[in-house]
Amino acid sequence: MPQSSALTNAFMQGIQELLPPERRMTDLTRRLAHSTDASFYHKVPQLVVEVVDVAELQQLLRLAQQHKVALTFRAAGTSLSGQAISDSVLVVLSRDWQDIAILDKGERVRLQPGVIGAEANRKLAAYGRKIGPDPASINTCKIGGIAANNASGMCCGVRHNSYHTLQELTFVLADGTRVDTSDAASVAAFRASHAELLQALAELAQEVRDDADLSSKITHQYRLKNTMGYGLNALLDYQDPVAILTHLLIGSEGTLGFIADITYHTIALPKASATGLYLFADSHAACAVIADLKAIGVNAVEFMDGRSLASVSDLLAAHTSVLPDRNAVALLVDVGRDSSAQLHQALASIEECFAGVAGVRALCEFSDDPATVAALWQIRKGLFPAVGAVRASGTTVIIEDVAFPLSQLPAAVSALQELFIEHGYHEAIIFGHALDGNVHFVFTQAFATATETERYANFMAAVVALVTERFDGTLKAEHGTGRNMAPYLYAQWGGAGLAVMQKLKQLIDPVGILNPGVIINASPTAHIEDLKQLPAVDPIVDACIECGFCEPQCPSLHYTLSPRQRIALMRRAQHLNAADKRTVEQDFQHLGIDSCAATGLCASACPVGINTGTWVQQLRAEQARHPRLARWSAQHLKGSLQIARFGMSAARNVARLAPVLYQKFSPRGMPALPPVATGEVTLKARQAASKVVYLVTCPNRLFGYQKSAGDSLPDTVIRLCNKAGIEVILPDTASESCCGQPWQSKGYPEQARERKNSLLELLWQASEQGLWPVVLDASPCALQLSDAKDLKVLELSDFLYRQVAPALDIRPTEEPVMLHVTCSSRRIDGGATLRGLAQLCSEQVIEPDGIQCCGFAGDKGFTLPDLNKHALGPLASQIPSGCKTAISNSRTCEIGLAQHSGLDYQHIAFLLDAISQQKDSSKGVSS
């Protein structure tokens with residue numbers, strides 16, 4: 001089996017012939033950035049490669065097998081047990097693996113491994129369906145990881161996981177053989193070429209079936225959620241060795257083959273549902289009702305112990321004034337049915353069930369209000385990050401998941417709590433999926449000393465004994481075996497079960513190149529080797545648990561680094577020698593600082609609320625080299641904009657008259673400069689009882705629109721307000737005002753504060769001391785002022801949606817419209833009002849998949865256009881034929897979007913104006 005060793009020249013020569021330089025990472029900095037996943041382990045790969053399709057992967061596998069080089073596959077790197085790290089070759093998926101095919105009106109779906117689970121569900125929602133697995137990380141984790149770990153989740157249970165909802169699979173074995181089980185010819189060819197392997201699998205399955213004790217153990221374990229080791233249930237459930245192999249690949253954590261696509265049977269979404277949160281005196285009282293709830297047919301029952309509830313007391317406070325004691329247990333119950341009548345009947349059965357339990361009380365009674373339901377689930381989802389947010393610097397957060405027979409759950413929970421106290425984990429919490437007897441426990445751990453590591457090892461040994469010997473449970477319910485449970489396969493399965501798993505690995509991956517050390521590991525101390533250190537970097541980011549939830553939000557993910565990688569890299573660098581540390585810090589200038597959009601969108605997905613953009617802005621401030629220029633530009637904003645307008649006009653003329661010269665001196669890939677905005681307002685606002693203060697922001701004072709847009713944006717806004725009966729107030733000296741965001745982004749916070757405070761004073765006076773709302777026509781500027789006290793600051797599309805559109809007669813276009821929701825709109829309200837306004841304007845609104853932030857980031861679209869290019873890589877391919885209209889709500893973003901789509905992106909105000917007219921009975925709109 002391959003051991004960690006230097007990659008041979010012959011192998012590297014083959015890699016160079018197979019992959020272009022931009023998809024081979026050999027430098028220390030990027031290898032370090034990829035050395036961690038969401039677990040508490042750390043391995044530095046010798047090489048990181050990015051593959052774009054199955055053919056390329058097949059060639060890579062053949063090359064690796066020929067030279068006995070170990071490969072580890074990574075989709076999103078959210079694995080909690082160390083499955084997605086390597087000290088050999090790490091294979092990451094490019095963004096090309098994102099095909100989704102809806103089949104049979106949504107009853108089946110074929111997904112490539114790069115599809116994020118939540119994306120699949122968004123596509124299926126139109127058909128009233130979803131995929132079965134529903135891990136808590138579904139907004140980040142990808143199908144490849146979901147299937148390879150047999151991830152389940154809160155409503156999934158056992159019967160809706162990947163193993164049980166799998167219909168077809170395309171996989172690639174270690175020798176490069178590709179098999180598509182939906183293609184009879186592919187399967188027939190595989191039966192012929194690998195007859196010996198399939199015969200050995202059939203014989204091994206028969207041996208297992210003939211072993212009554214082992215068969216009984218397998219049957220018992222898979223009544224529970226179980227991802228401990230290989231899926232031995234496949235040897236009992238299937239006779240055909242191809243079906244056995246296909247199901248063994250589910251949950252094999254990339255150690256038996258690569259999953260190239262999977263076809264799922266989907267699950268129907270309930271047409272009516274409700275969620276409630278109920279408090280019980282202790283775990284015995286709570287667990288006493290779980291069997292009855294299961295019989296009623298609820299979707300989910302989430303268990304939360306007293307310590308858990310205390311950790312999210314701020315979230316609980318919105319629903320109840322009750323302060324649960326440490327012995328109390330809450331159950332979050334979710335129930336769904338095909339009709340409201342059936343739902344009410346189920347709720348009545350649940351109430352009857354609870355009536356027989358002394359002391360039960362509702363913290364929040366059953367509700368079908370989407371906002372309330374989301375808030376209740378946020379309490380449950382907030383438990384893991386709640387521990388992470390308060391952990392001591394230098395410690396990591398460990399989450400383990402075990403499962404017990406339901407009848408033993410109360411005693412098992414009590415026993416776990418006793419273990420925490422015995423081993424000094426007083427902050428540990430327990431929560432989980434009670435319907436399946438599956439509980440998670442979360443605690444913090446340092447690995448800086450041998451004593452700390454020994455405490456962890458002793459604790460885990462005690463947990464193993466408790467689960468396997470005392471309660472006959474499973475050590476891994478849904479997070480996969482990984483490295484941290486590999487030494488305990490024998491404890492879980494005994495000698496016979498372990499021998500079968502070792503035989504499976506040897507049969508299917510005989511050279512042992514696929515993810516060695518994961519699941520099958522000969523080291524009895526593998527779980528305390530290669531431990532990750534988490535030294536302090538900066539208070540802004542030290543709470544990072546390296547989960548990777550931020551990554552889908554980040555525009556630089558496929559260009560340089562993600563937020564997680566920026567933080568992880570600076571942590572890992574602290575343990576390097578002086579020369580290597582200097583190299584990493586030099587590389588970090590571009591990879592970590594210059595190429596960060598610093599929009600803060602990462603914070604919206606971070607479970608502990610880290611805004612990596614704020615950290616990067618601080619680093620820029622520490623490096624700031626031009627304070628005098630920053631002060632001058634801030635103090636002479638009107639003059640600065642005049643200089644910029646002159647420069648833009650000159651550059652446009654050069655581009656027109658001397659394009660070769662222009663291209664020579666401009667950054668490669670820089671978008672075409674738009675016309676210069678005139679800065680003049682030609683339309684006169686009508687007087688009305690209802691008023692609004694309108695600030696034309698710097699981007700719209702600088703960048704104009706092509707002639708196709710008609711009037712300027714300010715004139716268009718005034719005309720819309722005139723139609724709606726709202727008087728527009730244009731502040732005096734507005735041309736000399738700015739929200740301060742450009743200085744903030746570039747690392748000049750003092751100038752940013754000065755500009756912001758000056759603008760707030762101007763708006764305070766213009767709004768008659770906060771009497772009238774204030775509207776800004778660029779979403780980043782509105783976000784910058786969103787914390788203003790005593791002023792009602794609105795982003796323009798929000799104002800148009802809530803106050804202007806209701807007063808207009810709108811005739812939506814039937815043509816498709818492309819919509820980009822800016823990162824600032826996402827941060828303000830999740831993009832809700834911009835989407836709502838777009839849906840009023842068009843019957844076909846297309847919001848492209850895979851794009852959260854455009855990466856233009858103020859002026860980075862001009863100075864670092866590759867960031868914008870990589871962020872918008874998926875855009876052009878998603879524009880439907882015949883689409884001519886594209887909208888957003890930030891002028892600079894629109895410039896980059898136009899560059900990479902071929903469409904003339906404009907502010908949504910232009911479209912609303914074109915399709916609306918004043919209502920005959922319009923009497924104005926209340927402010």
Side-chain angles (χ1 to χ4, degrees), residues 22 24-50 72 74 76-79 82 84-87 89-90 92 140 388 393-394 396 447 530-598 600 602-603 605-606 608 610-620 622-623 864 866-867 870:
E22 63 270 18
R24 307 190 307 261
M25 303 176 210
T26 57
D27 58 285
L28 173 63
T29 303
R30 288 184 294 171
R31 290 190 292 114
L32 270 178
H34 285 84
S35 66
T36 182
D37 57 9
S39 73
F40 50 96
Y41 297 101
H42 165 236
K43 280 178 171 284
V44 183
Q46 298 174 58
L47 173 66
V48 181
V49 297
E50 191 177 67
T72 295
R74 175 184 291 184
T78 57
S79 59
I85 57 175
S86 171
D87 56 5
V89 178
L90 184 66
V92 298
T140 304
S393 180
T396 189
F447 291 115
D530 304 303
L531 297 170
K532 181 166 65 180
Q533 301 298 323
L534 296 175
V537 171
D538 187 283
I540 297 174
V541 298
D542 283 344
C544 175
I545 53 180
E546 299 187 13
C547 63
F549 284 12
C550 56
E551 292 191 337
Q553 316 297 318
C554 182
S556 62
L557 172 62
H558 295 283
Y559 175 42
T560 52
L561 300 177
S562 70
R564 167 172 67 171
Q565 290 171 335
R566 287 180 167 90
I567 298 167
L569 179 58
M570 288 296 96
R571 284 172 169 169
R572 308 293 95 81
Q574 294 192 38
H575 298 284
L576 299 176
N577 61 50
D580 285 344
K581 187 175 182 182
R582 280 195 301 273
T583 297
V584 169
E585 289 173 345
Q586 290 169 0
D587 292 344
F588 191 73
Q589 184 63 48
H590 170 67
L591 296 175
I593 298 175
D594 295 342
S595 62
C596 177
C602 48
C606 175
V608 292
I610 294 172
N611 187 331
T612 309
T614 301
W615 175 49
V616 169
Q617 288 174 353
Q618 177 177 288
L619 295 177
R620 289 173 182 167
E622 294 170 2
Q623 299 177 348
L864 197 64
D866 277 350
L867 175 60
H870 282 79

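What you find for G592 and S595 is that their closest heavy atoms are N-OG, 4.3 Å. Across all their heavy atoms, R571 and V541 have their closest contact at NH2-O, 3.7 Å.
Note that NE2 of H590 and OH of Y559 are 3.5 Å apart. Values are rounded to the nearest 0.5 Å. Atoms CG and CD1, from L619 and I593 in turn, are 4.5 Å apart once rounded to the nearest 0.5 Å. To the nearest 0.5 Å, atom CG of residue L32 and atom CG of residue D580 are 8.5 Å apart. Once rounded to the nearest 0.5 Å, the distance linking CD of Q618 with CG of D538 reads 4.5 Å. Atom OG1 of residue T36 and atom OH of residue Y41 lie 12.0 Å apart, to the nearest 0.5 angstrom. Taken to the nearest 0.5 Å, the CG atom of N611 stands 8.5 Å off from the CD1 atom of I540.
At a cut-off of 3.5 Å, with distance as the only test, a side-chain donor of H42 or S35 sits close to an acceptor on the other residue. Side-chain contact of Q46 with D87: a donor-acceptor pair under 3.5 Å is absent, judged by distance alone.
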Pair I85, R74 - check side chain to side chain contact (heavy atoms under 4.5 Å, CB included), show working.
CA-CA 8 Å; I85 57 175; R74 175 184 291 184; 3.8 Å; yes

Show the numbers, then the answer: is there a side chain to side chain contact (heavy atoms under 4.5 Å, CB included) between I610 and T612?
CA-CA 6 Å; I610 294 172; T612 309; 4.1 Å; yes

Would L569 and V584 count as a side chain to side chain contact (heavy atoms under 4.5 Å, CB included) if you check the C-alpha gap in whole Å, the side-chain angles of each, and the deciding distance to 0.1 Å?
CA-CA 8 Å; L569 179 58; V584 169; 3.7 Å; yes

Side chain to side chain contact (heavy atoms under 4.5 Å, CB included) assessment of C596 paired with R620:
CA-CA 11 Å; C596 177; R620 289 173 182 167; 4.0 Å; yes

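Note on E585 versus R572: no salt bridge recorded, every NZ/NE/NH1/NH2 to OD/OE distance being 4.0 Å or above. Ion pairing of E50 with R24 is absent here, as no side-chain N (NZ or NE/NH1/NH2) approaches a carboxylate O to less than 4.0 Å.
A donor-acceptor distance shorter than 3.5 angstrom exists from the side chain of K532 to the backbone of S39, with no hydrogens or angles considered. In terms of modelled atom types and a separation under 3.5 Å, the side chain of Q533 and the main chain of F447 share a donor-acceptor contact. Using modelled atom types, one side-chain atom of S556 and one backbone atom of L561 make a donor-acceptor pair closer than 3.5 Å. Judged purely by atom type and a 3.5 angstrom limit, Q565 uses its side chain to pair as donor or acceptor with the backbone of S562. Of the possible polar contacts, one joining the D37 side chain to the A84 backbone as a donor-acceptor pair under 3.5 Å is found.
Proximity of W615 to I567: side-chain heavy atoms (C-beta onward) are separated by under 4.5 Å at one or more points. A 4.5 Å side-chain heavy-atom check between C602 and C554 finds every atom pair outside the cut-off. Contact check for V48 versus R30: no side-chain heavy atoms found under the 4.5 Å cut-off. For the pair H575/K581, no side-chain contact is recorded, criterion being any heavy-atom separation below 4.5 Å from C-beta on. Residues Q586 and T29 form no side-chain contact, since every pair of their non-hydrogen atoms from C-beta on lies 4.5 Å or further apart. The side-chain heavy atoms of L90 and L47, taken from C-beta on, include no pair separated by under 4.5 Å. Inter-residue side-chain proximity for Q574 and V537 is flagged as met; some heavy-atom pair is nearer than 4.5 Å. In this structure, C547 and R564 have side chains that are not in contact, with every pair of non-hydrogen atoms separated by 4.5 Å or more.
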